[in-house]
Amino acid sequence: MRLKLARASLIVSLLLPLYFMVAALGVKFGLWSWQTGLMKMIIQLGAPLIGLTLLLGLVAVAVTVFRKPRTGWRMALAGLLVPVLALAYVGQVQSRSARIPPIHDISTDIVNPPVFSPAVMAARQAAGANPVNAMDAPMGSLPAYTAPSFAALAAKTLGQVGHEAYPAVRSLALPMSPDRVAAAAEAEAKAQGWTLTTSNPGGGVIEATAETFWFGFKDDVAIRVRPGASGGSVVDVRSTSRVGLSDIGANAARIEAFLASLKVRAAGG
């Protein structure tokens, strides 16, 4: 009996990550909406499933370790590992989410940010995506942030909130010519695995769509390269999610990684 319990605990724990993978990939391949896959299957149902799997694992460990003959205890401990790691990951995500503002639109330049082309805006509208708000718009004026829980952000602009949360996301000044930097920016966007939607290096404008692996969430990226005031070039990037209120720092991390790689690529080109 205890061996069967240990085996059942291991099987259930191995099925747990498969469930989350199916929930995420189902969104990516259009089997169900992101609200169903993320909000319902993962957030609403995922936590209870992790809890039940953990409970089953604890019972299996207790039965196989603390009662003689100690049969199947290794299997029971292995079955306990997956829900414990899952809980640790959930805790990490929640901790990170609590430290950053619930925004999904980040720009290096908040005074004169890069703008998305009409084609990109049309694609976002067709997909029912988040609105692209002005960086100087007070958070309290945006429909998504009118709840009392966002009162602390109400007086700040969207750009201010982003810059305070991500101080490393700033315009990049490079000594190379705009043509060279723009060509490097286009090459780097491709190297990042993004899909180019606008390619005009000569005009200093590149637009692309970045897609996440698991859910297939799409974020739009606008890259602008202009001559610097004292020569060289200035690069600005804006990255905006199509769905979700908070990106948990994904857009800022994308911009930072892109600019760091661009700096190396432009210098070596």
Side-chain angles (χ1 to χ4, degrees), residues 1-104 130 144 147-150 165-166 192-193 210-219 241-254 256-257:
M1 175 66 182
R2 65 190 63 190
L3 188 59
K4 289 183 178 179
L5 181 60
R7 185 178 294 113
S9 172
L10 180 59
I11 291 173
V12 171
S13 70
L14 293 177
L15 289 175
L16 186 64
L18 181 61
Y19 168 81
F20 287 108
M21 289 169 61
V22 169
L25 292 176
V27 176
K28 181 172 184 174
F29 294 111
L31 300 180
W32 43 73
S33 68
W34 71 270
Q35 292 91 339
T36 297
L38 178 61
M39 305 303 294
K40 182 171 289 186
M41 296 178 69
I42 291 184
I43 295 180
Q44 292 182 13
L45 299 179
L49 284 175
I50 294 174
L52 290 173
T53 305
L54 179 65
L55 179 61
L56 179 60
L58 289 172
V59 172
V61 168
V63 169
T64 57
V65 172
F66 299 108
R67 292 180 60 184
K68 295 181 179 180
R70 296 182 176 88
T71 304
W73 63 270
R74 292 183 180 86
M75 194 181 301
L77 285 175
L80 193 60
L81 181 62
V82 172
V84 168
L85 291 176
L87 282 177
Y89 176 74
V90 170
Q92 180 187 26
V93 171
Q94 289 180 335
S95 175
R96 183 173 57 183
S97 179
R99 296 194 304 268
I100 59 179
I103 57 177
H104 52 264
N130 291 323
S149 57
F150 300 126
Y166 308 108
Q192 294 284 334
E211 183 174 324
T212 63
F213 176 80
W214 286 110
F215 290 92
F217 289 147
K218 293 182 178 180
D219 299 339
S241 301
R242 292 192 182 186
V243 301
L245 185 65
S246 175
D247 63 9
I248 318 181
N251 285 296
R254 176 181 297 116
E256 288 183 43

_side-chain contact (heavy atoms from CB on, under 4.5 Å) between Gln192 and Arg254, worked out_ = CA-CA 9 Å; Gln192 294 284 334; Arg254 176 181 297 116; 6.0 Å; no
Please check: side-chain N/O of [X] versus main-chain N/O of [Y], any donor-acceptor pairing under 3.5 Å?
| X | Y | value |
| --- | --- | --- |
| Asn251 | His104 | yes |
| Tyr19 | Met41 | yes |
| Thr212 | Phe217 | yes |
| Thr53 | Leu49 | yes |

If I compare all heavy atoms of [X] with all of [Y], which pair ends up nearest, and what's the gap?
| X | Y | value |
| --- | --- | --- |
| Gly57 | Ser9 | CA-OG, 3.3 Å |
| Val82 | Pro17 | CG1-CD, 3.8 Å |
| Leu25 | Phe213 | CD2-O, 4.4 Å |
| Ala23 | Ile42 | CB-CG1, 3.8 Å |
| Ala86 | Ile50 | CB-CD1, 3.9 Å |
| Phe150 | Pro102 | CE2-CG, 3.5 Å |

To the nearest 0.5 angstrom, please state how far the [atom1] atom of [X] sits from the [atom2] atom of [Y].
| X | Y | atom1 | atom2 | value |
| --- | --- | --- | --- | --- |
| Leu55 | Leu80 | CG | CG | 10.5 Å |
| Leu18 | Ser13 | CG | OG | 12.0 Å |
| Ile248 | Ser97 | CD1 | OG | 5.5 Å |
| Leu38 | Trp32 | CG | CH2 | 13.0 Å |
| Leu87 | Gln94 | CG | CD | 9.5 Å |
| Leu3 | Thr64 | CG | OG1 | 9.5 Å |

_For Asn130 and Ser241, which I'm curious about, is there any donor-acceptor pair between the side chains at under 3.5 Å?_
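Ser241 and Asn130 do not have a side-chain donor-acceptor pair below 3.5 Å.
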_NZ (Lys218) with more than 12 external heavy atoms under 6.0 Å_ =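 No, because the 6.0 Å sphere around NZ of Lys218 holds 12 heavy atoms or fewer from other groups.
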